[in-house]
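Below: the structure, in structure tokens.
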Amino acid sequence: MEKQNLEAYRHTAAHVMAQAVKRVYSDVKLGIGPAIEEGFYYDFDLEERINPEDLKRIEEEMQKIIKEDLPLEKEILTKEEAYKLLKEEKEDYKLELLEELEPEEEVSIYKQGDFFDLCKGPHLESTGQLKAFKLLSIAGAYWRGDEKNKMLQRIYGTAFPNKKELKQYLFRLEEAKKRDHRKIGKELDLFSMHEEGPGFPFLHPSGVAIWNELTRYWRELHRANGYQEIRTPLILNEDLWHQSGHWDNYRENMYFTRIDEDNYAIRPMNCPGGVLIYKSRPHSYREFPMRITELGLVHRHELSGVLHGLLRVRSFHIDDAHIYMLPDQITEEVLGVIHLAEEIYNTFGLKYRLELSTRPEKSMGSDEDWDRAEKALAAALEKRGLPYQLNEGDGAFYGPKIDFHIEDCLGRSWQLGTIQLDFQLPQRFDLTYVGADGQEHRPVLLHRALFGALERFLGIIIEHFAGAFPTWLAPVQVRFIPIGENHVEYSQKLSRELEKEGIRAEVDDRDEKVGYKIRQAQKEKIPYMLAIGDREMESEEVSIRHRQKGEAGQMDFSRFKGQILKEVREREIESFLEKE
RNA sequence: GCCGGCGUAGCUCAAUUGGCAGAGCGGCUGAAUCGUAAUCAGCAGGUUGGGGGUUCGAUUCCCUCCGUCGGCUCCA
């Protein structure tokens, strides 16, 4: 089914659901009920609480409506007529929507049996054409998405042209849940969360092994691209945050503390600390562009309801960088950052989407500065011919930004990298450089992150690889499986040889059967399992088993060593076995 | 923060209408010495998320707090 038709199909399902809800409950007021990416929802205002068990009742009622095969009839009304009708039905929310239409505009409503809805359409011709649907969940949702408004009850559902496709979709959902990073994180012993620190992740040894590979890669890449790394404190005097503007614009997300008689803040961002280093000595235009990175830990007080495994936490490491530069270096630097971002995401095989966000309501600086910054970012994107989505009013309080977004296993979108222009901090901290003319000037400042938050990035790649990390990232890269106890010592010798080369290898020397050890290594998603028995000791070969490919035959140990070292060094996503 | 669901052993989950809290996996001990996804036996393991209430008696019913899950809002 084409996208447009599917939308009409699901939108009709939303209407049928609304009709069913109105039949099952009394005193229901309708909010909005659109088709969405993977289904539809409808918002309702009613006293009674809809329970998960009630979904069945509503679904049954929907079945009846489908069986009744009610035609959907479009009627064009004047605004006045529509107003009268909605007033009679006490559809207060629909009335609010109606008010916003142009006075002379005509309005369409869609009717099916005793149900009607203010709606542009299009729809199916009749409710009988709905073949497969399912109600999935209930959630609270503020009217018009504004937390000052009343919270309505939203029912999410999905609908497909036939039962088979619906079944496939539900199966896909189940499969996706299996790669949830919270589940895999527990299974592979990568990280944990504790009541004692909601939103503050704990990384276990295996998680740190991955972390260290990520940061090693990150440092190599930045060194090669002209960045210098710094480190600044987590806690700084509150005055600094007044000066930076965070106190005015970001206070509710910050944690505060006292040292002796003074007020201090735990940093929610790295920039002010970095700025102090910049200010520690005078600078010349000849140093520009000056690319300074900091893998900085920040703490932000996020609302309790939004915490989500590693993807949304209260303390995280930003792979920050601040680039100080001349105004005419902006485009080139932005392009350079975009290029780096692409390199990183390609290394992991991640697909992303770009967004450009402009000035928000709560922000500082002049319109001219904002305008200039927004145009500079857009220019860079257009120069590269990159498609992007424009988010009006979604920028940071100090400047507009380009964001890199990625989807998790359930299709939820998360921001990774970001590029933000900032004309504010240089002013607020009176940053200067000496130009070719011998005079002091104001540098342009660009903030950027590529992983975004390392914690989030880790969560994303856990889901992306479903725990089966490329060899260079795998916490354990090789596990030796001695067949019997007289093969243990030889296995240990080989293992040490790999370990000397930096490979994370280990020997399963437990007194267990081979099948048992293999099963365990498979479950741990270790890339290479090497079985060692009499045959191998004799021939100086290893029997390779790969987690995805299964048994892969024999190979000289020295050859295996060379291959895995190459695979790791080149940070390959695929095993060298796939390339043979 | 708001709306709704959930919280039982390290993990996954049981426990009839309120009546002594149980299984598998994992762990420990012992036996078996084994060639590509689970060898067998025994043992240990719990203030049923915390606090309060109703009751002769609460894992079960009520209140409250915490955490967590799905959304909303907000952001890397």
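In this text, all values refer to a predicted model and were calculated from it rather than measured experimentally. Quick note on labels: first sequence line is chain A, next is B, and so on, each numbered from 1.
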Whole angstrom is fine here: how far is it from [atom1] in [X] over to [atom2] in [N]?
| X | N | atom1 | atom2 | result |
| --- | --- | --- | --- | --- |
| E48(A) | rG4(B) | CD | C1' | 14 Å |
| D408(A) | rC75(B) | CG | P | 19 Å |
| D180(A) | rU68(B) | CG | P | 14 Å |
| Y398(A) | rC75(B) | OH | P | 11 Å |
| Y516(A) | rU33(B) | OH | P | 18 Å |
| D508(A) | rA38(B) | CG | C1' | 13 Å |
| K186(A) | rC69(B) | NZ | P | 9 Å |
| Q520(A) | rC34(B) | CD | P | 21 Å |

Tell me whether the OP1 or OP2 atom of rC40(B) has a side-chain N or O from K513(A) closer than 4.0 Å.
no

Report yes if a side-chain nitrogen or oxygen of H308(A) is closer than 4.0 Å to either non-bridging phosphate oxygen (OP1 or OP2) of rU68(B); otherwise report no.
no

Checking contacts here: which listed nucleotide ([options]) is nearest the side-chain heavy atoms of [X]?
| X | options | value |
| --- | --- | --- |
| R182(A) | rU73(B), rC69(B), rA37(B) | rC69(B) |
| V514(A) | rU33(B), rA76(B), rU36(B) | rU36(B) |
| A141(A) | rC11(B), rA76(B), rC72(B) | rC72(B) |
| N51(A) | rU36(B), rU73(B), rG4(B) | rG4(B) |
| P198(A) | rU36(B), rG67(B), rG35(B) | rG67(B) |
| E195(A) | rG1(B), rA76(B), rG67(B) | rG67(B) |
| M151(A) | rG4(B), rC75(B), rC3(B) | rC3(B) |
| R519(A) | rC74(B), rG27(B), rA37(B) | rA37(B) |
| V306(A) | rG35(B), rA76(B), rC72(B) | rC72(B) |
| E536(A) | rC72(B), rG35(B), rC75(B) | rG35(B) |

Checking only heavy atoms, does the side chain of [X] share a donor-acceptor pair with the base of [N] at less than 3.5 Å?
| X | N | result |
| --- | --- | --- |
| R314(A) | rC75(B) | no |
| S137(A) | rG4(B) | no |
| Y142(A) | rG1(B) | yes |
| D511(A) | rA32(B) | yes |

Between [N] and [M], how many Å separate the two [atom1] atoms, rounded to a whole number?
| N | M | atom1 | value |
| --- | --- | --- | --- |
| rC34(B) | rC40(B) | C1' | 13 Å |
| rG1(B) | rU64(B) | P | 16 Å |
| rG27(B) | rA44(B) | C1' | 9 Å |

5'-most contact on RNA chain B: A139(A) or G515(A), nearest heavy atom basis?
G515(A)

Closer to the 5' end of RNA chain B via nearest nucleotide, is it R547(A) or L152(A)?
L152(A)

side-chain contact (heavy atoms from CB on, under 4.5 Å) partners of H487(A), counting only residues at least two apart:
P482(A), I483(A), I532(A), D534(A), M537(A)

Between S244(A) and Y250(A), a side-chain donor and acceptor under 3.5 Å:
no

Backbone N/O of L421(A) and side chain of K401(A): donor-acceptor pair under 3.5 Å
no

A side-chain contact here means heavy atoms from C-beta on lying under 4.5 Å apart; do Y156(A) and E38(A) qualify?
no

How far apart are the closest heavy atoms of I461(A) and F469(A), and which atoms are they?
O-CE2, 4.1 Å

So which nucleotide does [N] pair with, by the Watson-Crick or G-U wobble rule with both distances under 3.5 Å?
| N | result |
| --- | --- |
| rC34(B) | none |
| rC43(B) | rG27(B) |
| rU73(B) | none |

Which label fits W414(A) and H308(A): parallel for a plane angle under 30°, tilted from 30 to 60°, or perpendicular past 60°?
tilted

Just checking E100(A): does its CD atom have more than 12 heavy atoms from other residues, nucleotides or ligands closer to it than 6.0 angstrom?
yes

